[in-house]
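Just so it is clear, the model here is predicted, and its values are computed rather than measured. The residues of the chain are indexed from 1 along the displayed sequence. Keep in mind that the numbers below use all heavy atoms, side chains included, and drop hydrogens, waters and symmetry copies.
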Amino acid sequence: MRITGGEWRSRRLKGPGRTLRLRPTPDAMRERAFAVLRDRVEGAAVLDLFAGTGAVGLEALSRGAARSVFVERDRTAARLVEANCEALCGSSERVRVLHRSVQRALAELGSSGERFSLAWADPPFDSWQEGLEALAAAFSDGLLEPDATACLECPARANVEGALPEWLRVERDLAGGASRVVLLRRRG
């Protein structure tokens with residue numbers, strides 16, 4: 001697993017190993033998604049939900065994002081995110097790792113007035129709807145800016161379109177084997 005572009009291009013990240021059950025976003029999928037998101041990343045505040053290894057938020061920072069907030073409820077995975085952040089950007093103020101549930105983190109971030117222009121949710125595939133619900137909540141609670149882009153990584157066969165609230169739309173669908181990344185925006 002490596003960073004695919006930007007300042008830290010080709011730098012390796014620590015992976016989950018055999019004991020931690022994570023499914024990191026494949027390098028090729030991240031590279032493809034960030035090629036599409038290119039103009040939206042520079043200067044962005046990024047919210048990486050179900051962060052796992054932190055690869056998505058770190059990819060965004062490497063490509064010019066202003067800051068990334070990583071949310072991971074598993075203690076071991078949160079430590080892995082911290083280690084990967086430390087290896088690439090030290091104790092930078094550009095990163096923040098929250099070890100808590102996504103719902104709790106969204107409530108905390110919302111009450112503190114934080115706003116994000118880009119969000120990525122990569123929940124376990126058997127509960128991909130949790131990722132969609134989290135992104136929808138982030139939009140409806142004002143945590144995501146009105147023109148923000150939200151990315152949901154989910155199984156290729158997930159019926160995202162059928163589960164969307166009427167005020168969200170699929171902007172782009174990046175299929176890739178067994179998974180896909182669906183880019184979501186507010187309607188209007």
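At distances below 3.5 Å, not a single donor-acceptor pair connects side-chain atoms of Asp141 with backbone N or O atoms of Leu143. With hydrogens and angles disregarded, no donor-acceptor distance shorter than 3.5 Å links the side chain of Thr149 to the backbone of Leu118.
Both tests do not hold together for Arg157 against Phe125: distance to the six-membered ring centre under 6.0 Å, angle to the ring axis within 45°.
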Stepwise side chain to side chain contact (heavy atoms under 4.5 Å, CB included) check, Glu130 with Phe50: CA-CA 10 Å; Glu130 286 182 40; Phe50 308 92; 4.3 Å; yes
Check against side chain to side chain contact (heavy atoms under 4.5 Å, CB included), Leu109 and Arg96: CA-CA 11 Å; Leu109 292 167; Arg96 184 172 169 205; 3.8 Å; yes
Please report the C-alpha distance between Leu88 and Ile3 in whole Å, then the side-chain angles of each, then the deciding distance to 0.1 Å, and finally whether the side chain to side chain contact (heavy atoms under 4.5 Å, CB included) criterion is met. CA-CA 10 Å; Leu88 292 181; Ile3 299 295; 3.9 Å; yes
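No more than 12 heavy atoms of other residues, nucleotides or ligands sit less than 6.0 Å from atom CZ of Arg172. For Arg12, the CZ atom sits in a loose shell: 12 or fewer heavy atoms of surrounding residues, nucleotides or ligands are nearer than 6.0 Å.
The CD atom of Glu82 sits 9.0 Å away from the NE2 atom of His99 when rounded to the nearest 0.5 Å. Summarising the geometry, atom CG belonging to Leu61 is positioned 4.5 Å from atom CZ belonging to Arg94; distances are rounded to the nearest 0.5 Å. Annotation: the span from Glu171 atom CD to Arg186 atom CZ amounts to 14.5 Å, rounded to 0.5 Å.
A donor and an acceptor atom, one from each side chain of Arg67 and Ser92, are nowhere located under 3.5 Å apart.
Looking at Arg40 and Glu145, no side-chain N of the basic residue comes within less than 4.0 Å of a carboxylate O on the acidic one, giving no salt bridge.
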